[in-house]
Amino acid sequence: MGAQFKNGTLKLRWSVSDPSLLASGFRQGYTVHIYNAADGTLRSQHHITPEDRQDVLPILTSSSDSLCFTLFEKFLTFSIPEDPDELQWQMVALLFGLQENFNLSKSLGMALDVPDLDTTGKFTIRIATQANAGDVIPAQLQISYPWFEHLPRPQAPFGVCQEKLVRVSGVMNASANYYSSYYLQKRIRNGPFVTINSKPLVINYESGDAVLYYLDSVTGLDTAEYRFYGKDMWGEFGPHSEVTTVLPCYHRVAPYIESALELSDRGKVKVTWRLSDSIARRQVTGYHVYRTPSRDSDPIRLTPVYLESGTTTFIDSHAMAINYYSVEALYRNGPPVKSNSILATLIDTKPPGFPTQVEISFDSITFTSELKWMPPQDPDLSGYRVYYSDYERGDKFLLTNRDWTYTRIRDTISPKTMQSERWYWITSRDFHGNESGFSDGIQIILPDRYPPTAPYISRVVNQYNEVQVHWYGSPSVDVVSHRLYRISPSDTTIILLASHNTDSLSQWIDTLIGPGDSISYQIEAADQHGLTARSKVRSGSLLRSLYIPDIPFYHAEDIDSTVLITFDYRQDIDIKYFRLMRGVPDDMRTERLYRPSEIIQRSGIKKKSDPNNYALYQIKLKNNNGRDYHFRLEAIENGNGSVSRLTEPFTVN
């Protein structure tokens with residue numbers, strides 16, 4: 001997202017790097033919210049959608065505009081190529097077209113003008129595309145003032161004529177940060193200037209500098225004049241550069257400076273140039289040498305009287321620390337032609353002073369930190385290096401891959417790689433590559449956006465008079481407390497637990513519930529920043545109460561590999577089954593369910609006629625393993641299913 005606050009109007013534009021989301025934005029539009037940064041109140045809200053096709057077509061003024069609109073219609077219908085290389089090319093062409101033409105961006109729903117805003121205020125901008133129902137993908141920016149008052153003047157072009165072609169180039173380092181594209185104008189014989197490039201010129205950083213390049217054809221003996229002008233991402237054109245005159249190819253050419261080096265006699269610089277012998281001998285009357293302390297300064301002529309046409313060197317006896325030299329050839333016919341400048345610096349091993357008064361502000365919404373500082377008072381200062389680290393004493397890394405020339409910089413931190421803090425340091429650099437020491441480190445504390453690891457309930461044990469909840473706490477190191485939530489059908493009870501060792505098992509014994517209640521439990525962990533995580537819900541309940549008597553155990557023995565178990569039970573209780581369990585004490589499993597009629601041995605006694613009377617039962621089963629076994633018995637009542645207590649384990653030898 002980009003923003004410009006100028007003349008009371010806020011200009012906004014944005015782009016989306018994901019092709020599918022970009023296509024959805026073209027179809028469904030965007031919503032722009034503008035908030036007052038001081039109190040977060042909503043200032044205005046705007047709904048943006050692309051205009052109709054017939055309204056967009058008149059805006060298309062160049063081949064790049066037409067290509068951008070064609071790709072827009074493809075993305076609008078989700079005609080996104082599957083080939084990754086083709087998709088990348090289309091995305092680059094589409095996003096450049098949107099950046100190149102601000103009015104086209106507004107027509108396609110990717111930009112907005114907001115008038116009548118307070119120029120002294122600060123605003124937070126939030127832009128979202130409705131990808132699908134309920135799924136909003138936001139982008140946010142805070143804007144407080146314009147970065148500059150007016151667009152700078154581009155550097156003048158440099159033209160070299162060879163045969164019938166003029167190679168026009170220019171180094172735009174000073175203005176490249178303000179313009180998204182450039183245009184080249186030309187005129188012949190003092191006629192009107194005419195823009196000659198059909199497509200916008202884009203900066204090429206391949207050589208390290210911000211270079212523009214254009215190849216123009218010329219005919220005849222006419223002198224051509226060229227000038228650059230730029231257009232920023234808001235559609236505003238800047239001022240024209242100075243005019244460069246290019247003579248006919250075989251008529252007048254600029255000298256070529258071969259070198260500008262400091263002599264062994266320190267403080268003096270020797271400038272050497274060359275020019276075609278035929279041109280110098282027949283057409284050149286002499287040379288002037290110029291010097292300037294920077295590319296943007298006005299040149300100072302070092303030769304009061306022009307040098308003879310056969311001269312190819314000049315010694316500057318009063319060189320400065322930084323020198324840009326150019327040589328001008330004086331022709332018999334026509335205006336003089338000046339060479340491109342060359343840099344010469346005196347040997348310097350002294351580093352500049354380090355920046356001071358480093359300040360920082362951090363926006364926790366956009367995760368953007370802004371640093372600013374005061375520069376040192378060194379005349380040969382060329383720029384700054386910004387270093388960062390996730391720890392005060394950690395390894396320092398460069399924030400940008402080249403020297404920074406301003407005294408403020410923004411850093412957007414990725415939430416995927418962020419730590420809990422970030423430190424910054426600034427150094428100064430001069431033109432000789434000398435680097436100062438580090439400024440005082442400055443720190444920002446990043447907010448914690450990640451909740452702790454959730455605890456979990458390992459098991460819930462249901463007893464007759466209590467429910468036991470066993471859990472493991474969160475292993476996250478910043479957890480400060482755990483909370484146990486008990487949720488029943490009738491009410492909600494929250495039990496707060498103190499901090500504890502998260503490596504050990506914890507438990508809670510719940511006795512404040514009624515028989516038969518179904519209870520849900522959940523553990524919540526909270527960290528020191530208030531972020532929480534909850535376990536999955538586990539349920540439990542009290543076991544049903546015991547309503548029938550225990551089984552009195554009489555006798556058990558092994559006779560010829562047959563286990564014989566004999567016991568009595570009251571006859572006045574209507575028993576559905578006797579449950580026999582068999583195994584080892586820690587792992588007993590049901591052997592069989594016996595109906596009373598299957599194993600009763602005493603007859604003639606009516607049930608419930610005598611509560612003190614007992615019925616005798618006998619269970620026989622084979623013991624094929626020839627080893628000791630442990631048994632337990634349980635009675636299950638007919639009707640409501642009440643049970644007796646399990647007998648203590650008994651062994652048959």
Side-chain angles (χ1 to χ4, degrees), residues 459-470 488 509-519 538-653:
R459 60 193 177 103
V460 176
V461 180
N462 302 319
Q463 300 290 348
Y464 294 104
N465 58 351
E466 64 185 24
V467 175
Q468 299 177 5
V469 184
H470 299 255
S488 64
I509 298 176
D510 194 356
T511 59
L512 302 178
I513 55 178
D517 284 350
S518 178
I519 309 298
R538 294 288 298 270
S539 299
S541 62
L542 287 181
L543 296 178
R544 301 181 64 87
S545 301
L546 303 177
Y547 296 107
I548 58 177
D550 299 340
I551 298 176
F553 169 64
Y554 271 35
H555 184 66
E557 60 182 337
D558 187 347
I559 302 175
D560 296 331
S561 298
T562 298
V563 176
L564 184 64
I565 301 173
T566 303
F567 63 94
D568 268 6
Y569 201 72
R570 287 173 51 177
Q571 192 174 350
D572 61 334
I573 299 175
D574 187 9
I575 300 300
K576 184 176 182 180
Y577 295 110
F578 288 106
R579 179 180 179 223
L580 176 66
M581 302 181 69
R582 180 178 186 176
V584 295
D586 296 333
D587 185 16
M588 289 199 174
R589 302 184 181 182
T590 300
E591 176 76 14
R592 185 179 168 186
L593 296 175
Y594 294 93
R595 294 183 180 276
S597 59
E598 296 180 80
I599 58 175
I600 192 168
Q601 297 296 311
R602 186 179 299 167
S603 61
I605 302 176
K606 295 180 180 181
K607 292 184 176 182
K608 299 183 181 179
S609 60
D610 185 358
N612 297 320
N613 218 336
Y614 285 78
L616 181 65
Y617 298 95
Q618 193 171 69
I619 296 174
K620 296 181 181 180
L621 64 157
K622 292 291 186 180
N623 184 6
N624 298 323
N625 295 325
R627 61 178 183 177
D628 293 346
Y629 275 92
H630 300 274
F631 295 89
R632 300 182 76 173
L633 282 169
E634 181 182 58
I636 304 173
E637 187 181 16
N638 198 7
N640 60 11
S642 298
V643 297
S644 67
R645 294 185 185 275
L646 281 168
T647 62
E648 293 297 323
F650 55 89
T651 304
V652 178
N653 298 321

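Hydrogens, waters and symmetry mates are skipped; everything else that's a heavy atom, side chains included, is used. For clarity, every value in this text was computed on a predicted model and none was experimentally measured.
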remark   = Partner of Val563 under side chain to side chain contact (heavy atoms under 4.5 Å, CB included), picked from Ile619, Leu580, Leu621, is Leu621

task = Answer yes or no: is there a side-chain heavy-atom contact under 4.5 Å between Val460 and His470?
result = no

request  = State, with a plain yes or no, whether a side-chain heavy atom of Leu633 is found less than 4.5 Å away from one of Tyr569.
outcome  = no

query = For Phe567, which of Leu616, Ile599, Thr647 qualifies under side chain to side chain contact (heavy atoms under 4.5 Å, CB included)?
reply = Ile599

task = Can you sort out the partners of Tyr594 under ring pair (Phe, Tyr, Trp, His ring centres under 6.0 Å), two or more places apart, ordered by chain and number?
result = none

request  = Could you tell me which residues satisfy salt bridge (Lys or Arg N to Asp or Glu O under 4.0 Å) with Arg595, sequence neighbours excluded, listed by chain and number?
outcome  = none

remark   = Of all heavy-atom pairs linking Ala635 and Ile548, the shortest is O-CD1, 3.4 Å

task = On the 0 to 90° scale, with breaks at 30° and 60°, tag the Phe631-Phe650 ring pair as parallel, tilted or perpendicular.
result = parallel

note = Here the gap from Glu637 atom CD to Lys576 atom NZ, rounded to the nearest 0.5 Å, amounts to 11.5 Å

key: Atom pair CZ/CD1 of Arg579 and Ile636 - distance to nearest 0.5 Å   = 6.5 Å

inquiry  = Would you say that Met588 contacts His630 through its side chain, given a criterion of any heavy-atom pair below 4.5 Å between the two side chains?
reply    = yes

request  = With sequence neighbours excluded, tell me which residues meet side-chain hydrogen bond (donor to acceptor under 3.5 Å, both in side chains) with Glu598.
outcome  = Arg592

key: Set of residues satisfying side-chain hydrogen bond (donor to acceptor under 3.5 Å, both in side chains) with respect to Thr566, sequence neighbours excluded   = Gln618

key: Backbone N/O of Ile551 and side chain of Ser644: donor-acceptor pair under 3.5 Å   = no

remark   = side-chain hydrogen bond (donor to acceptor under 3.5 Å, both in side chains) filter on Arg632, not counting sequence neighbours, yields none

key: For Arg538, salt bridge (Lys or Arg N to Asp or Glu O under 4.0 Å) partners two or more places apart   = none

